[in-house]
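Working notes for the structure below.
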Number of protein chains: 2
Amino acid sequence: MNQKRKLDFNNSSDSLSQTIYKEIRERISLLQYPPGTVLSENALAAEFEVSRTPIRRVLQRLELDGLVLSKRGIGTMVTTVDLKSLKEVYALRMKLHEITGELSSVAHLTNDDIASLENVLEQCDEMLEQRDPEKLARLYNTFQEQIVRHINNEPLREVSDRLYYQTCRVWLQILPDMDWSEEVDVMRDEVSQVIEALRAGDMHTVGQVRRDHLFMMLGRIKRYLGGATEAELDAVLPSRRSTNDE
Amino acid sequence: MNQKRKLDFNNSSDSLSQTIYKEIRERISLLQYPPGTVLSENALAAEFEVSRTPIRRVLQRLELDGLVLSKRGIGTMVTTVDLKSLKEVYALRMKLHEITGELSSVAHLTNDDIASLENVLEQCDEMLEQRDPEKLARLYNTFQEQIVRHINNEPLREVSDRLYYQTCRVWLQILPDMDWSEEVDVMRDEVSQVIEALRAGDMHTVGQVRRDHLFMMLGRIKRYLGGATEAELDAVLPSRRSTNDE
DNA sequence: TGTAGTCAAGTTGTATACAAGTACAATACA
DNA sequence: TGTATTGTACTTGTATACAACTTGACTACA
């Protein structure tokens, strides 16, 4: 209910709809809206101080992304990522990472970009001290955003962005049960290797690194999903929690 | 103004929004709404006998697809596909065709599917007699739909569908100036080879065939765009026709 | 005649009233 | 007590009135 929600209306560059879209998408990806949560259009309209109309525009876009599902008379619920979809998205994302290196090259890499990525690296190190899954997931979101920005092929960039947010919350869902230091180390490795490849101007290696890490992450997730107790499986797969807030 | 517009409201399986979406998308792809056309929400609402609200829902989705662009006070215009986007989409689609064979296999191939594809093949032969670019484009759309249906990976299927409609009208735009019998023959070849590969259950070959044909089509398009007169380039690239109808 | 200004008729974006549908609880009744 | 039913309070979907904005034509004026 009282998560860290910074209502940022100072994003003047993006349109209002775009700002609200990214905000709600981030909340879904960070499990502030867990799967099954019923999102009330009226509540969101009141929070963002607009009418239902722009909110509906955002929710319709999120529904096209597969993140929510609107049903007349019921409500708009955050979707659950089933294992089949997870495998499909991961398989496609791995292939897309491979072709990213072939369709895109490292261009317009500024010092700010490098500095921003090294900032991510530093925050990774700090993560070892305190166990905060949501914070780590948020950090990985910013990392993803930084990398996707360097994809030159615009349709590929858009697809990569969409696919990432479609399933990234699964990792966060089981992160509390995983080996914390191992996950932080793995992420640190990926960030480090990506920075090195970007510095060398080798987008092909960037894609390769990300594909390998994606593959290994899927393996770790499967391991926890496969050897999970029934209660843990319920928490990930068919849940219908009702964490409404207003 | 008086194009062949069959207002099909008998599609009871899809929702109303879905039906209108596919109808307008088809019109854009067939150049019944050429680039630059201003689509009036009121006119569309009157034609489909609904209010502006569901029409806006459809237009917003088309805008996310990159097919139209809404500007306050101006209108909703059909976008123009510039050469850069064309190359990017084609490059990505070629790669996607390659990975389609790796992520998807030929499953649930019924006799009706084969019959439907052979029907496309027959209609190809009939195309040689009369020069009707829009009819050929419509036929290619149905072919594309038949093939995409057999992609098992759902996110890949969705992406392939979207990317196809993003640029397929470029071919139709220059089709009147191309070698008609050559284009029909090339299309017949692709359909024929795809049918053969599907019969053999070889999705990998399907992807390969489609990739090769896509590559060659891009070459032919570039040839016509490169050696085109200024008038022809204007017709394809930065046009701002205003073919409003109401 | 030329030019600036103003008004009118469009457009999309927003807010809101209403229609359609669902779920749940209270109530009437056996 | 148990059960069916009905009403109420929610939800999303639709239609509509209004606000914000653009364009072009027409008018007033120098």
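Below, read A as the first sequence line, B as the second, and so on, with proteins coming before strands; counting in each chain starts at 1.
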A:Arg157 meets the salt bridge (Lys or Arg N to Asp or Glu O under 4.0 Å) criterion, sequence neighbours left out, with none
Take the protein atom CD1 of A:Ile20 and the nucleotide atom C1' of C:dT14, then report the distance between them rounded to whole Å.
12 Å
Would you find a donor on one side and an acceptor on the other, under 3.5 Å apart, between the side chain of B:Thr79 and the backbone of B:Leu67?
yes
Rounded to whole Å, please give me the gap between CD in A:Glu41 and C1' in C:dT14.
15 Å
May I ask you to check whether A:Arg61 and A:Gln18 show a side-chain donor-acceptor distance below 3.5 Å?
yes
Do A:His150 and A:Val106 come close enough that some side-chain heavy atom pair is under 4.5 Å?
no
Dump every N/O contact between nucleotides 6-9 of chain C and the protein below 3.5 Å, one line per pair.
none

A:Gln144: which residues meet the side-chain contact (heavy atoms from CB on, under 4.5 Å) condition with it, sequence neighbours left out?
A:Arg93, A:Val148, A:Tyr164, A:Arg210
If only side-chain N and O atoms of B:Ser40 are considered, is one of them under 4.0 Å from the OP1 or OP2 phosphate oxygen of C:dG10?
no
A:Trp180: what forms a ring pair (Phe, Tyr, Trp, His ring centres under 6.0 Å) with it, not counting sequence neighbours?
none
Polar atom pairs (N or O), protein with nucleotides 19-24 of chain D, under 3.5 Å:
| from | atom 1 | to | atom 2 | distance (Å) |
| --- | --- | --- | --- | --- |
| D:dA20 | O4' | B:Arg72 | NH2 | 2.6 |

Please list, chain by chain and in numerical order, all residues satisfying salt bridge (Lys or Arg N to Asp or Glu O under 4.0 Å) with A:Glu158, sequence neighbours excluded.
B:Arg162
Tell me yes or no: between the side chains of A:Ser116 and A:Asn119, is some donor less than 3.5 Å from an acceptor?
no
Give the C-alpha distance, both sets of side-chain angles, the deciding distance and a yes or no for side-chain hydrogen bond (donor to acceptor under 3.5 Å, both in side chains) between A:Glu26 and A:Gln32.
CA-CA 9 Å; A:Glu26 188 81 358; A:Gln32 292 171 0; over 6 Å; no
Check ring pair (Phe, Tyr, Trp, His ring centres under 6.0 Å) between A:Phe143 and all other residues, then give those that pass, not counting sequence neighbours.
A:Tyr140
In chain order, what residues pass the salt bridge (Lys or Arg N to Asp or Glu O under 4.0 Å) check against A:Arg131, with sequence neighbours excluded?
none
Expected output is a numbered-order residue list: members of residues 51-58 of chain B with a heavy atom under 4.0 Å from any atom of DNA chain C. What is it?
B:Arg52, B:Arg56
Of all residues at least two apart in sequence or in a different chain, which pass the salt bridge (Lys or Arg N to Asp or Glu O under 4.0 Å) check with A:Glu145?
A:Arg149
Give a yes/no on whether any side-chain N or O of B:Asn42 is located under 4.0 angstrom from OP1 or OP2 of C:dT11.
yes
Euclidean distance, atom CG of residue B:Leu39 to atom P of C:dG10 [Å, nearest integer]
18 Å
Angle between the two end axes of the helix from C:dT1-D:dA30 to C:dA30-D:dT1, five base pairs per end, rounded to 10 degrees?
40°
For B:Ser51, enumerate each residue passing the side-chain contact (heavy atoms from CB on, under 4.5 Å) test, keeping only those at least two apart in sequence or located in another chain.
B:Thr53, B:Pro54
For A:Glu49 and C:dA15, give me the distance from atom CD to atom P, rounded to whole Å.
11 Å
Taking CD from A:Gln60 and C1' from D:dT12, how many angstroms apart are they, rounded to a whole number?
10 Å
Take atom CD of B:Glu63 and atom P of C:dT12, then tell me their distance rounded to the nearest Å.
11 Å
